[in-house]
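Data block below; observations after.
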Amino acid sequence: MPLNERDRIEILMMIGVGDRMRTQQEVCRLFHEMHPDREPVSQSTVSRIERKYRELGHVRDAPRQGRPKINENVQQDVILSALENPHCTVRQVSRDLNIGKSSVSNIFKKVKYHPYRVRLIHELAEDDFDRRTEFCEYMMDHNNQNNGFIANILFSDEATFFLNGHVNRQNTRYWSQENPHWMQEYHTQHPQKLIMNLCVTLWTHCIST
């Protein structure tokens with residue numbers, strides 16, 4: 001168990017002054033007699049406490065290194081930033097308040113703020129339900145005719161860039177303690193966008209026919 005400042009002062013008093021000074025062994029034995037339920041101190045510990053007092057004039061702990069703690073005012077500023085603009089990013093708050101991004105993230109985590117993603121909702125036309133049914137029937141018929149039909153479809157990964165100012169939902173968040181069920185409705189299923197495929201989508205069944 002580490003010694004606190006009060007324990008160190010007690011050890012200094014046990015050491016004494018002048019012709020009444022005790023040896024380090026005597027101090028260790030006396031400390032253990034007064035605190036039998038605690039771990040005995042070593043001679044090196046007593047020596048280190050005595051040397052620190054002679055050099056510095058006190059036995060307090062040295063200031064800890066590292067980043068200073070974020071005060072309550074800064075924490076409130078971070079929370080207010082999320083309340084005023086739930087779509088703000090950690091980088092943006094960090095830049096505006098001149099604090100580290102990790103500090104902003106820790107504050108959000110402390111107050112249980114989560115970055116929720118936007119949910120895109122497409123407007124459905126009257127004939128969209130029939131088209132969905134037709135597509136399902138088409139896929140089921142081809143799969144019944146060829147059991148390996150689904151396995152012959154290769155799905156590609158792609159990056160989408162919208163040309164109408166819309167931000168990709170992967171880069172958009174809504175900071176809140178509860179899920180706001182944030183949705184954005186599109187009036188068309190075919191917005192202007194540029195799609196860059198990372199690999200070619202290949203329907204081997206269609207090519208073979």
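For the single chain, residues carry numbers from 1 onward in sequence order.
Summarising the geometry of S81 relative to C88, their closest heavy-atom pair is O-SG, 4.0 Å, with the distance given to 0.1 Å. Taking all atoms of both residues into account, the shortest heavy-atom contact from R8 to R60 is NH1-C, 4.3 Å. In terms of heavy-atom proximity, R38 sits nearest to F31 at NH1-CZ, 4.2 Å. S94 and G100 make their closest contact through OG-C, 3.6 Å (heavy atoms, listed as atom of the first residue, atom of the second, distance). Taking all atoms of both residues into account, the shortest heavy-atom contact from N4 to D7 is OD1-N, 2.8 Å. Shown here for Q24 and V46, the closest heavy-atom pair between the two residues is CG-CG1, 4.2 Å.
Contact check for E26 versus T23: side-chain heavy atoms found under the 4.5 Å cut-off. No side-chain heavy atom of D96 sits less than 4.5 Å from a side-chain heavy atom of D77. Within the 4.5 Å cutoff, the side chain of V41 has no heavy atoms near those of the H32 side chain. Taking 4.5 Å as the limit, every side-chain heavy atom of V78 sits out of range of all side-chain heavy atoms of V111. Looking at heavy atoms from C-beta onward, T133 lies in side-chain contact with E137 at the 4.5 angstrom threshold.
Dense packing is recorded around CE of M21, with more than 12 heavy atoms of other residues, nucleotides or ligands lying under 6.0 Å away. Summarising the local packing, CD of E33 is surrounded by more than 12 heavy atoms from other residues, nucleotides or ligands at distances under 6.0 Å. In the displayed structure, N98 atom CG is contacted under 6.0 Å by at most 12 heavy atoms of other residues, nucleotides or ligands.
One finds the NZ atom of K52 at 9.5 Å from the CZ atom of R48 (value rounded to the nearest 0.5 Å). Here the straight-line distance linking atom CZ of R29 with atom CD of Q43 works out to 10.0 Å at 0.5 Å rounding. For the atom pair CZ (R6) and CD1 (I11), the distance works out to 13.0 Å, reported to the nearest 0.5 Å. Atom CD of residue Q92 and atom CG of residue L97 lie 10.0 Å apart, to the nearest 0.5 angstrom. Taking CZ of R22 as the start and CE of M13 as the end, the distance is 10.0 Å to the nearest 0.5 Å. Here the straight-line distance linking atom CD1 of I15 with atom OH of Y53 works out to 10.5 Å at 0.5 Å rounding.
Both F135 and F149 sit in one connected hydrophobic cluster of ILVMFWY residues. Membership requires side-chain heavy atoms under 4.5 Å apart, directly or through other members.
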- request: Any chance you could lay out the side-chain contact (heavy atoms from CB on, under 4.5 Å) test for M14 and M34, step after step, and finish with the verdict?
  value: CA-CA 11 Å; M14 292 179 181; M34 296 185 63; 3.2 Å; yes
field: CA sep, side-chain torsions, deciding dist, call: H35, E10, side-chain contact (heavy atoms from CB on, under 4.5 Å)
entry: CA-CA 11 Å; H35 305 281; E10 184 178 359; 3.1 Å; yes
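Panel note: side chain N143, backbone M139; no donor-acceptor pair is recorded below 3.5 Å. Side-chain atoms of N146 never come within 3.5 Å of backbone atoms of H142 as a donor-acceptor pair (strictly under, hydrogens ignored).
By the 30° and 60° cut-offs, the orientation of the rings of F108 relative to Y113 is parallel.
Side-chain atoms of T45 and S42 form a donor-acceptor pair, as typed in the model, at a separation below 3.5 Å.
Under the 4.0 Å criterion applied to side-chain N and carboxylate O atoms, D127 and R131 are assigned as salt-bridge partners.
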